Amino acid sequence: MGTYSGKNVVITGGGSGIGFAIAQLLVDGGATVVITGRSPTTLDAAVDQLGPGAHAIRGDVSSVSDLEVLAGRLKRDIGTVDALFVNAGIAPTTLFESTTEQAYDHVFDINVKGAFFTVQKLAPLLVDGAGVVLTTSVANVMGLPGTSVYAASKAALRSLARTLSRELLPRGVRVNAISPGPVDTGILESMMNHEEAAQFKAERVAENPMRRFATPEEVAVAAAFLAFDATYSTGTEFAVDGGVTQL
Ligand code: NAD
């Protein structure tokens, strides 16, 4: 029997990076884990790597109809959910002056609207005692150039952790947030060119008390703790950031 045997888990954006590391930790511990994402190729490769406890459902979190389909399939296939990791997100850097309305809406559609409706559509499946973990970011309490839209989206998510935790408390559901500092997952390279990413990463290492990035596995351990073990914590945000927002 693994630590998470008999537990049903859903991880949005679980095909890569932090979400994948959470999935690996929980599958290895015996959980049934459903990962979601937009790319069938990425999802199939992730499920192959994760092993028999992992399953994938394709869907875009910014589409409420995709989230309704996800909820319907989860209800049919696994029935109930013990832990929900609202992890899908994008992290583009855009200069304040040149940020377009479309770019702004794209970030908020995925990072905020996507997270809100993920919780709303899946809430009926959450068991008494379930844990919801939202992936925020240290950006929500920092003032990093080029991150105004992203940081504001994560600050909105941090706020949701507080309000949703109050609203779901009568059902025995806890809602917390995990706030990663820099994690080397490739998300920066997917959002900016190679040189910009290298410079951004060098700056993050230089300012960090631990002088390094986190591994996705270091974030996964903390996220799993919030979902399953932190039974007297709700509405909180846990920083996994090398101390950059604390020291
Ligand atoms: P990642 O790009 O590997 O993971 C993001 C995942 O979200 C991907 O699997 C992607 O396919 C999925 N996704 C994006 N848009 C989606 C959509 N519309 N619908 C469904 N899935 C979608 O990068 P990561 O670093 O693992 O990021 C995971 C989370 O951690 C994000 O919310 C990110 O903002 C947050 N975060 C990352 C860092 C970091 O330094 N890597 C720091 C703080 C916060």
Side-chain angles (χ1 to χ4, degrees), residues 10-25 34-47 49-50 54 56-67 69-70 85-93 105-118 121-122 133-142 144 147 149-158 160-161 177-192 197 200-201 203-205 207-208 210 212-220 222-223 237-242 244-245:
V10 178
I11 306 170
T12 65
S16 63
I18 294 167
F20 180 85
I22 298 169
Q24 189 73 76
L25 177 74
V34 177
I35 58 170
T36 81
R38 288 164 302 178
S39 158
T41 317
T42 305
L43 291 173
D44 288 348
V47 165
Q49 205 178 327
L50 288 166
I57 299 177
R58 204 213 69 82
D60 181 338
V61 296
S62 66
S63 159
V64 174
S65 62
D66 277 13
L67 292 170
V69 170
L70 172 66
F85 295 88
V86 182
N87 167 79
I90 56 170
T93 51
D105 286 345
H106 188 54
V107 174
F108 270 74
D109 278 354
I110 294 174
N111 289 3
V112 185
K113 177 185 152 190
F116 179 87
F117 285 105
T118 298
K121 298 302 172 194
L122 271 55
V133 180
L134 312 178
T135 309
T136 57
S137 168
V138 293
N140 72 25
V141 291
M142 296 178 80
L144 304 174
T147 68
V149 181
Y150 173 70
S153 76
K154 292 297 187 178
L157 200 53
R158 199 276 169 262
L160 277 180
I178 192 89
S179 176
V183 191
D184 207 357
T185 59
I187 195 170
L188 295 174
E189 286 81 355
S190 71
M191 297 289 157
M192 52 182 101
F200 192 84
K201 286 164 87 166
E203 288 167 6
R204 300 291 76 75
V205 169
E207 77 187 357
N208 194 285
M210 292 195 185
R212 67 173 178 88
F213 275 47
T215 65
E217 291 73 22
E218 287 175 306
V219 183
E237 182 182 55
F238 186 78
V240 185
D241 66 357
V244 72
T245 61

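Reckoned from all heavy atoms, side chains included, excluding hydrogens, waters and symmetry mates. Here the structure is a predicted model, which is why all the values come from computation and not from measurement. All ligand and atom numbering here is 1-based and tracks the order in the structure.
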**Item:** Ala56 to Leu43 - nearest heavy-atom pair and separation
**Value:** CB-CB, 3.8 Å
**Asked** For ligand 1, which atoms have a heavy atom of Gly13 less than 4.0 angstrom away?
**Response** 6 (C), 7 (O), 9 (O), 12 (C)
**Message:** Just to check, does Leu188 reach to within less than 4.0 Å of ligand 1 when the distance is taken from its heavy atoms?
**Reply:** no
**Asked** Numbering the atoms of ligand 1 from 1, which are under 4.0 Å from a heavy atom of Ile110?
**Response** 15 (N), 18 (N)
**Complete:** among protein heavy atoms, the one nearest atom 21 (N) of ligand 1 is Ala88 CB, 3.6 Å
**Request:** Indicate yes or no for a side-chain donor-acceptor contact from Asn111 to the backbone of Ile90 under 3.5 Å, with no hydrogens or angles considered.
**Result:** yes
**Top protein contact for atom 3 (O) of ligand 1, by heavy-atom distance** = Ser16 OG, 2.7 Å
**Message:** For atom 29 (C) of ligand 1, tell me which residue out of Val138, Asn87, Ile18, Val219 has the closest non-hydrogen atom.
**Reply:** Asn87
**Prompt:** For Met210, does the CE atom have more than 12 heavy-atom neighbours from other residues, nucleotides or ligands under 6.0 Å away?
**Reply:** no
**Request:** Rounded to the nearest 0.5 Å, what's the gap from OG1 on Thr93 to CG on Leu144? Could you check?
**Result:** 10.5 Å
**Item:** Which residue and heavy atom of the protein sit nearest atom 10 (C) of ligand 1, plus the separation
**Value:** Arg38 NH2, 4.3 Å
**Request:** Would you mind listing which atoms of ligand 1 come within a distance below 4.0 Å of any non-hydrogen atom of Pro182?
**Result:** 40 (O)
**Asked** What residue among Thr147, Asp241, Thr245 forms side-chain contact (heavy atoms from CB on, under 4.5 Å) with Met142?
**Response** Thr245
**Fill in**
closest protein heavy atom to atom 24 (P) of ligand 1 is Thr185 OG1, 3.4 Å
**Asked** Hey, which atoms in ligand 1 end up nearer than 4.0 Å to a heavy atom of Gly17?
**Response** 3 (O), 26 (O)
**Message:** Given Thr135, Asp184, Thr36, identify the one with the heavy atom nearest to atom 35 (C) of ligand 1.
**Reply:** Thr135
**Fill in**
All heavy atoms of Ala223 vs all of Ile22, minimum pair found to be CB-CD1, 3.8 Å
**Request:** Taking all heavy atoms of Asn208 and all of Gly242, pick out the closest pair and write down the distance.
**Result:** OD1-O, 3.4 Å
**Request:** For Gly181 and ligand 1, answer yes if some heavy atom of the residue is under 4.0 Å from a ligand atom, otherwise no.
**Result:** yes
**Message:** Is it the case that the side chain of Lys154 and the backbone of Thr135 share a donor-acceptor pair, with hydrogens and angles ignored and the cut-off at 3.5 Å?
**Reply:** yes
**Item:** For the student: nearest non-hydrogen atoms of Val240 and Ile178, plus distance
**Value:** CG2-CD1, 3.7 Å
**Complete:** atom 44 (C) of ligand 1: closest protein heavy atom, distance to 0.1 Å, is Thr136 O, 3.2 Å
**Asked** Counting N and O atoms only, with roles assigned by atom type, does the side chain of Arg58 sit under 3.5 Å from a partner on the main chain of Arg38, one being a donor and the other an acceptor?
**Response** yes
**Prompt:** What protein heavy atom sits nearest atom 5 (C) of ligand 1, and how far away is it?
**Reply:** Gly89 O, 3.6 Å
**Salt-bridge present (Lys201, Asp184; N to O < 4.0 Å)** = yes
**Asked** Among all protein non-hydrogen atoms, which one is nearest to atom 27 (O) of ligand 1, and what is the separation to 0.1 Å?
**Response** Ile187 CD1, 3.6 Å
**Asked** How does Val183 reach ligand 1, by side chain, by backbone, by both or by neither, if only non-hydrogen atoms under 4.0 Å count?
**Response** both
**Request:** Number the atoms of ligand 1 from 1 as they appear, then name those within less than 4.0 Å of a heavy atom of Tyr150, with their elements.
**Result:** 33 (C), 34 (O), 36 (N), 43 (C), 44 (C)
**Prompt:** Taking only heavy atoms of Gly59, which atoms of ligand 1 are found under 4.0 Å from at least one of them?
**Reply:** 19 (N), 20 (C)
**Fill in**
Under 4.0 Å from one or more heavy atoms of Pro180, ligand 1 contributes atoms 42 (C), 43 (C), 44 (C)
**Asked** Does any N/O atom on Lys154 come nearer than 3.5 Å to any N/O atom on ligand 1?
**Response** yes
**Request:** Using a strict cut-off of 4.0 Å, indicate which atoms of ligand 1 neighbour a heavy atom of Asp60.
**Result:** 17 (C), 18 (N), 19 (N)
**Message:** Closer than 3.5 angstrom, by distance alone: can the side chain of Ser179 be matched with the main-chain N or O of Phe238 as a donor-acceptor pair?
**Reply:** no
**Request:** Starting from atom 19 (N) of ligand 1, locate the nearest protein heavy atom and write down its residue, its atom name and how far away it is, to 0.1 Å.
**Result:** Val61 N, 2.9 Å
**Prompt:** Roughly how far, to the nearest 0.5 Å, is CG of Leu67 from CZ of Phe117?
**Reply:** 9.0 Å
